[in-house]
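Just so you know, ligand 1 is whichever comes first in the structure, and atom 1 is the first atom listed for that ligand.
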Amino acid sequence: MTLRHFLRDDDLSPAEQTRLLDLAAELKAEPWSRRPLEGPQSVAMIFDKPTLRTQVSFGAGIAELGGNPMLVEGRLAGIGVRESVEDVARVLARQVSLVVWRTFFQADLDTMAAHAGVPVVNALTDDFHPCQLVADLLTVREHKGDLPGLTVAFVGDAACNMGNSWLLAGTTAGMHVRVAAPPGYQPTGAVLDRAAEIARETGGSATCFHEAEKAVAGADVVVTDTWISMGKESEEASRQAVFGAYALTSELLALAAPDAIAMHCLPAYRGKEIAAEVIDGPQSVVWDEAENRRHAQKAVMTFLLEASR
Ligand code: NVA
């Protein structure tokens, strides 16, 4: 048995990512066709940061897989405060079949995975949001067809979880990933190097720009995210001051391919990182992305449980 986790986007090989997206599409068409959590077996969902889509889509998805979604209140559990991550991992694994955790530090998630003995899923950390990317790639596939060769432009805070995850998951899919961000908000060299390494295998590419216009020119997919990620609220003023030129407006979107789609993982701040006329306009696919969280995460859980058996 090989215990599998989903901690960052590149935990999936290109072939596995394709299989997982196929499974997500299958589960979208036939929501009750797979019952890997029959029993019901329980899945612990822990949130140390705010949530709407993630809690609801995991909760509904776990139930559709035959399981019992168990919300573990992060503040009550006090993971890493009241008891160590290692001890929490050992205790959870005696009760549940899978752990879904949204927290701050990727290292804590790695520790949980190292000690849990059951699959652990990253439901967002400061560094990565891989479940969102499975949903986003499923959405791109639905609207644009095959992923290899497509160009995606991510504009805004490219040093955040969503920028990092697009670089890793997009290149895994064989896409050309362009990010545009101001100085100080570009991805780390480690993420860019890893994306370039994946791209060499898949035929994709990873490129960093300072100008949003250059990244968006001719792109098939244009993505943005909040300028103030959860946990960065104290930096609001300095962030609002530098990101203005990266707003996804209809003028910026007009530089992309005429049939480009606009994406945002939500929550969105209209008039800040995305114009109301874009998110509420005909090229927006954000509600499909939100729905696809459930189908994508069901595929992730099914894949991990089957691989770890
Ligand atoms: N970058 C955002 C994503 C929200 C789903 C955040 O971390 O708050």
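Ranking the protein heavy atoms by distance from atom 5 (C) of ligand 1 puts Leu266 O, 3.5 Å first. Considering only non-hydrogen protein atoms, atom 8 (O) of ligand 1 sits nearest to Met230 N, 2.8 Å. Asp225 OD2, 2.6 Å is the protein heavy atom nearest to atom 1 (N) of ligand 1.
Aromatic rings from Phe243 and Tyr185 are positioned such that their centres are separated by under 6.0 Å.
In Asp157, neither the side chain nor the backbone holds a heavy atom less than 4.0 Å from any atom of ligand 1.
At least one N or O atom of Ser229 sits closer than 3.5 Å to an N or O atom of ligand 1. Residue Asn161 has at least one nitrogen or oxygen atom sitting less than 3.5 Å from a nitrogen or oxygen atom of ligand 1, judged on distance alone.
A salt bridge is absent between Asp126 and Lys232: the closest approach of a Lys/Arg side-chain nitrogen to an acidic carboxylate oxygen does not fall below 4.0 angstrom. Asp87 has a carboxylate O that lies under 4.0 Å from a charged side-chain N of Arg90, or vice versa, which qualifies the two as a salt bridge. Between Arg239 and Glu236 there is no salt bridge, since no side-chain nitrogen of the basic residue lies less than 4.0 Å from a carboxylate oxygen of the acidic one.
Cluster annotation: Leu65 is connected to Leu21 through the hydrophobic network of ILVMFWY side chains, with a link wherever side-chain heavy atoms come within less than 4.5 Å.
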